[in-house]
A.B. asks: 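Have a look at the structure that comes next, please.
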Amino acid sequence: MLDDIVAYKKHETESKEKQLTISQLKQQIKKARSPRNFKHALSGANISLIAEVKKKSPSKGILKENFNHLEIAKLYQKAGVSAISVLGDEHFFAGSSEIVRSIASNSDISVPVMFKDFIASEYQLYEARASNADAVLLIVRILDQNTLKDLIAKTHELGMSALVETFDESDVKRALEAGAEIIGINNRDLDTFKTDFEKTRRLMELIPDNIITVSESGIHTREDVLFMESLGFNAMLIGESIICQEDIPGKISEIMMD
Ligand SMILES: O=C(O)c1ccccc1NCC(=O)[C@H](O)[C@H](O)COP(=O)(O)O
């Protein structure tokens, strides 16, 4: 699945670059608002929530009809989330950079916003910052080591944070070696779409205390949250289990209950 997405994104980025160049994005960045501190937002005493604005997923299809991305982001903000993740990908997740921009630029949204996409080039980092994003997701296994290092460094140079996503031991080692300051462990296997919290427990042991850690995917219940808290995670990235509820603020307070 990941290979198909990456191949699609490569073509998509090449064609976007023909319509809007990096120099044009740099001009837009000059007018963008200052980046908010995503890393700091996840560094509180209690486990933080990064809530995801996600209309569709390859594993589940459309998650909710009559979906208003901005209204959902406003509900998240009101419910007290620490940060908001917004899908920048249109084809597989029904997001877009315009949607990221509309949320990240809205005066009711004050928490950091992460541009969630399958990033493999600097172009996409410029696109994220030009959309007023404060952070990006970088997936270790779709990048070679030099590219991973360069993209982390470029993300920081643009004033954003990088959430560096891992799936196995080798990914965690590579993320640390590349200078990641925030490491995500994806609980979901993207080939089988199964979640495996035991693998997450194993990988968590490899990550030093000075790194901010994020547990990603397949978190549904208060018990799941308590489990991630017991492993020492700083934050969780949750989409589906919140989005699918009628009462989004109610679901957030049920699982976070501080
Ligand atoms: O969510 C998917 O089906 C998916 C499929 C292929 C690649 C990535 C995918 N998800 C990316 C994510 O990181 C999740 O959207 C995120 O962790 C939130 O997960 P969830 O709470 O399970 O919606």
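Heavy-atom basis, side chains included; hydrogens, waters and symmetry copies ignored. Start at 1 and go down the list; that is how both ligands and their atoms are numbered. None of these values were measured; they are calculated from a predicted model. One is the number of the first residue; the rest follow in order along the sequence.
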A.B. asks: Does the side chain of Ser161 come under 3.5 Å of the side chain of Asn37 through a donor N or O and an acceptor N or O?
C.D. replies: no
A.B. asks: Among the heavy atoms of Phe93, does any lie under 4.0 Å from an atom of ligand 1?
C.D. replies: yes
A.B. asks: Run the contact test for Ser241 against ligand 1 with a 4.0 Å cut-off on heavy atoms, strictly below, and give the result.
C.D. replies: no
A.B. asks: Run the salt-bridge test on Glu14 and Lys10 with the 4.0 Å N-O cut-off and return the result as yes or no.
C.D. replies: yes
A.B. asks: Looking at Glu90, I'd like to know if its CD atom is crowded, meaning that more than 12 non-hydrogen atoms belonging to other residues, nucleotides or ligands lie closer than 6.0 Å.
C.D. replies: no
A.B. asks: Could you say whether the N/O atoms of Gly239 and ligand 1 ever approach to under 3.5 Å?
C.D. replies: yes
A.B. asks: Can you sort out which atoms of ligand 1 are near Lys116, meaning under 4.0 Å from one of its heavy atoms?
C.D. replies: 11 (C), 12 (C), 13 (O), 14 (C), 15 (O), 16 (C)
A.B. asks: Please determine if Glu177 and Arg174 form a salt bridge, counting it only when a charged side-chain N lies under 4.0 Å from a carboxylate O.
C.D. replies: no
A.B. asks: Does atom CG of Asn66 have more than 12 heavy-atom neighbours, drawn from other residues, nucleotides or ligands, at distances under 6.0 Å?
C.D. replies: no
A.B. asks: As an exercise, identify every atom of ligand 1 less than 4.0 angstrom from a heavy atom of Ile238.
C.D. replies: 21 (O)
A.B. asks: Taking the non-hydrogen atoms of Lys60, is any one of them nearer than 4.0 angstrom to ligand 1?
C.D. replies: no
A.B. asks: What is the nearest protein non-hydrogen atom to atom 7 (C) of ligand 1, stated with its residue, atom name and distance?
C.D. replies: Leu190 CD1, 3.4 Å
A.B. asks: Is the closest heavy-atom distance from Ile219 to ligand 1 below 4.0 Å?
C.D. replies: no
A.B. asks: Do NZ/NE/NH1/NH2 and the carboxylate oxygens of Glu198 and Arg201 come within less than 4.0 Å?
C.D. replies: yes
A.B. asks: Ignoring hydrogens and geometry, is there a side-chain-to-backbone donor-acceptor pair from Lys251 to His220 under 3.5 Å?
C.D. replies: yes
A.B. asks: Suppose I only count heavy atoms of Ser57 and a 4.0 Å limit; which atoms of ligand 1 are within that range?
C.D. replies: 1 (O), 2 (C), 3 (O)
A.B. asks: Of all the atoms in ligand 1, which lie at a distance below 4.0 Å from a heavy atom belonging to Phe193?
C.D. replies: 5 (C)
A.B. asks: Please list the nearest protein heavy atom to atom 3 (O) of ligand 1 with its residue and the distance rounded to 0.1 Å.
C.D. replies: Ser59 OG, 2.6 Å
A.B. asks: Determine, for Asp134 against Arg33, whether the closest basic-nitrogen to carboxylate-oxygen distance falls under 4.0 angstrom.
C.D. replies: yes
A.B. asks: What do you reckon, does Gly218 have a nitrogen or oxygen under 3.5 Å from a nitrogen or oxygen of ligand 1?
C.D. replies: yes
A.B. asks: Nearest to atom 16 (C) of ligand 1, what protein heavy atom do you find, and at what distance?
C.D. replies: Glu52 OE2, 3.5 Å
A.B. asks: Classify the side-chain pair Asn186/Ser217 by whether it contains a donor and acceptor separated by less than 3.5 Å.
C.D. replies: yes
A.B. asks: Please find out if less than 6.0 Å separates the ring center of Phe118 from that of Phe92.
C.D. replies: no
A.B. asks: Below 4.0 Å, non-hydrogen atoms only: which portion of Phe92 touches ligand 1? Side chain, backbone, both or neither.
C.D. replies: neither
A.B. asks: For atom 22 (O) of ligand 1, tell me which residue out of Lys54, Arg188, Glu240 has the closest non-hydrogen atom.
C.D. replies: Arg188
A.B. asks: Give me the residue, atom name and distance of the protein heavy atom closest to atom 19 (O) of ligand 1.
C.D. replies: Ser217 CA, 3.3 Å
